[in-house]
Amino acid sequence: MSIVREPRSIARKFLARPQQEGLGAVVRRSIGRFEIRYFDPFIVLDEFSVSAPAGFPDHPHRGFETVTYMLQGAVTHEDFDGHKGTIKAGDLQWMTAGRGVVHSEMPAAEGIQKGLQLWINLSSQHKMIQPRYQEISSANISEATKDGVKVRVIAGEALGIKSTIHTKTPTIYLDFTLKPGSQIQQPIPKSYNSFVYILEGEGIFGQDSRTNSPISSHNLLLLSGFGDGIVAYNKGTKILRFILVGGEPLGEPIAQLGPFVMNTQEEIDQTIEDFENHTNGFEKARYWRSQARVELGY
């Protein structure tokens, strides 16, 4: 197991509280809320919960990537270029919106669908690239298990295995499950900003497991910028599950209006004009309606 010589400490902690989003969906937003608008290069982190007929109907994006990782149930994704599919529990969709995508994300099964969606900023040189998708089914996500620890490698590397995902903005995204009594040391590139989001159970994060208090689910932990990795302990009697995400800061100005993320206000104004006039990447939005929108009759 990798050795972390300088563990990062917890710089800030937030409890992500439920709020309404989309069409009747409930999200726990941690990054992208008023306390932390932006954590370079991360724009938004939502833990979402949605049941039909609620969802996220037709909406645009430009200038960043969305990473959808399903935890329970399934959602159907459909965009204005004809790309359509179902993202099931454990599946991953890494969408590079680039110069423009209009799509919908709606429940594909009965009951409650749960997942995570992360928005990762793109550098100025990549904001207007052609959209692309990288999709991996649950069975094909790289996994490793050692000493009571299981990791699913969404992006980056852990426990000697690597993800096949190509990230425009250098990123690690790791899904850890720790059995009671186990611990993990995971390196993080020193230049990366990084955070932990706890999905289940409670864990201790930091060098001294004797004095640090356990932290429970739905908490976001922003890690300090000093250190070469993280150490985590499960001192409880239940499973601890959390994601560890890190990324290379872009260090560029950011201008955001909802689902549009650019570098200047002038670029935001141009994006609004492009979207309203169906130009410069949004041409196919003029007559497109998702099947979900048609069926809902609006």
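This one's a predicted model, so the numbers in the text were calculated from it and none came from an experiment. Reckoned from all heavy atoms, side chains included, excluding hydrogens, waters and symmetry mates.
- Between the side chain of Glu21 and the main chain of Gln19, no donor-acceptor pair closer than 3.5 Å is present.
- Listed for the Gln186 side chain is no donor-acceptor partner under 3.5 Å among the backbone atoms of Ile230.
- Salt-bridge check for Arg29 with Asp46: passed, with a basic side-chain N closer than 4.0 Å to an acidic carboxylate O.
- No side-chain N or O of Arg152 forms a donor-acceptor pair with one of Tyr173 less than 3.5 Å apart.
- Under the 4.5 angstrom side-chain criterion for Ile, Leu, Val, Met, Phe, Trp and Tyr, the cluster partners of Phe64 are Tyr38, Ile43, Val44, Trp119, Leu250, Ile254, Val261.
- Counting heavy atoms from C-beta outward, Ile120 and Thr167 have side chains that stay 4.5 Å or more apart.
- Ion pairing of Lys190 with Glu6 is present here, as a side-chain N (NZ or NE/NH1/NH2) and a carboxylate O approach within less than 4.0 Å.
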If you look only at distance, which donor and acceptor atoms sit under 3.5 Å apart when one is on a side chain in residues 239-246 and the other is two or more places apart or in another chain?
{"unit_1": "Arg241", "atom_1": "NE", "unit_2": "Asp175", "atom_2": "OD1", "d": "3.1"}
{"unit_1": "Arg241", "atom_1": "NE", "unit_2": "Asp175", "atom_2": "OD2", "d": "3.4"}
{"unit_1": "Arg241", "atom_1": "NH2", "unit_2": "Asp175", "atom_2": "OD2", "d": "2.6"}

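- For the atom pair CD of Gln125 and NZ of Lys168, the computed distance is 8.5 Å after rounding to the nearest 0.5 Å.
- To the nearest 0.5 angstrom, Ile198 atom CD1 is 4.0 Å from Phe205 atom CZ.
- Taking a cutoff of 4.0 Å between a charged side-chain nitrogen and a carboxylate oxygen, Arg99 and Asp274 do not qualify as a salt bridge.
- Residues Glu202 and Ile215 form no side-chain contact, since every pair of their non-hydrogen atoms from C-beta on lies 4.5 Å or further apart.
- With sequence neighbours excluded, the residues satisfying side chain to side chain contact (heavy atoms under 4.5 Å, CB included) with Arg17 are Leu15.
- Atoms NZ and CD, from Lys162 and Glu157 in turn, are 5.0 Å apart once rounded to the nearest 0.5 Å.
- Proximity of Leu71 to Leu116: side-chain heavy atoms (C-beta onward) are separated by under 4.5 Å at one or more points.
- Under the 4.5 angstrom side-chain criterion for Ile, Leu, Val, Met, Phe, Trp and Tyr, Leu122 has no cluster partners at all.
- Judged as a side chain to side chain contact (heavy atoms under 4.5 Å, CB included), and not counting sequence neighbours, the contacts of Ile112 are Ser49, Ser51, Gln72, Lys114.
- Side-chain atoms of Asp40 come within 3.5 Å of backbone N or O of Gly251 as a donor-acceptor pair.
- Through chains of ILVMFWY side-chain contacts below 4.5 Å, Met70 is grouped with Val27, Phe48, Val50, Phe56, Val75, Ile87.
- Heavy-atom contacts from other residues, nucleotides or ligands closer than 6.0 Å to CD of Glu110 number 12 or fewer.
- Contact annotation: the side chain of Leu223 approaches that of Ile188 to within less than 4.5 Å [non-hydrogen atoms, C-beta and beyond].
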*Determine, stepwise, if the pair Ser191 / Glu248 fulfils side-chain hydrogen bond (donor to acceptor under 3.5 Å, both in side chains).*
CA-CA 6 Å; Ser191 62; Glu248 185 76 54; 2.9 Å; yes
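- With sequence neighbours excluded, the residues satisfying side chain to side chain contact (heavy atoms under 4.5 Å, CB included) with Glu78 are Lys84, Ser104, Trp288, Ser290, Gln291.
- Using a 4.5 Å heavy-atom cutoff, the side chains of His218 and Glu200 are not in contact.
- For Arg132 and Thr96, the side-chain atoms include no donor-acceptor pair closer than 3.5 Å.
- Between Ser142 and Ser163, the closest side-chain pair of non-hydrogen atoms is not below 4.5 Å.
- Tyr133 belongs to a hydrophobic cluster whose remaining members, ordered by chain and number, are Met95, Val101; membership requires side-chain heavy atoms of ILVMFWY residues under 4.5 Å apart, directly or through intermediates.
- Using a 4.5 Å heavy-atom threshold, the side chains of Thr169 and His126 count as separate.
- Partners of Gln265 according to the side-chain hydrogen bond (donor to acceptor under 3.5 Å, both in side chains) rule, which considers only residues two or more places apart in sequence or in another chain, are Asp269.
- In this structure, a donor-acceptor pair under 3.5 Å is present between the side chains of Gln117 and Thr68.
- Aromatic ring orientation, Phe39 versus Phe42: tilted (interplanar angle from 30° to 60°).
- Looking only at side-chain heavy atoms (C-beta outward), Leu92 and Ile165 come within less than 4.5 Å of each other.
- Partners of Pro7 according to the side chain to side chain contact (heavy atoms under 4.5 Å, CB included) rule, which considers only residues two or more places apart in sequence or in another chain, are Val4, Gln207, Val231.
- In this structure, a donor-acceptor pair under 3.5 Å is absent between the side chains of His83 and His103.
- The salt bridge (charged side-chain N to carboxylate O under 4.0 Å, His left out) search around Glu252 returns none, not counting sequence neighbours.
- With sequence neighbours excluded, the residues satisfying salt bridge (charged side-chain N to carboxylate O under 4.0 Å, His left out) with Glu35 are Arg33.
- Side-chain atoms of Asp79 come within 3.5 Å of backbone atoms of Asp81 as a donor-acceptor pair (strictly under, hydrogens ignored).
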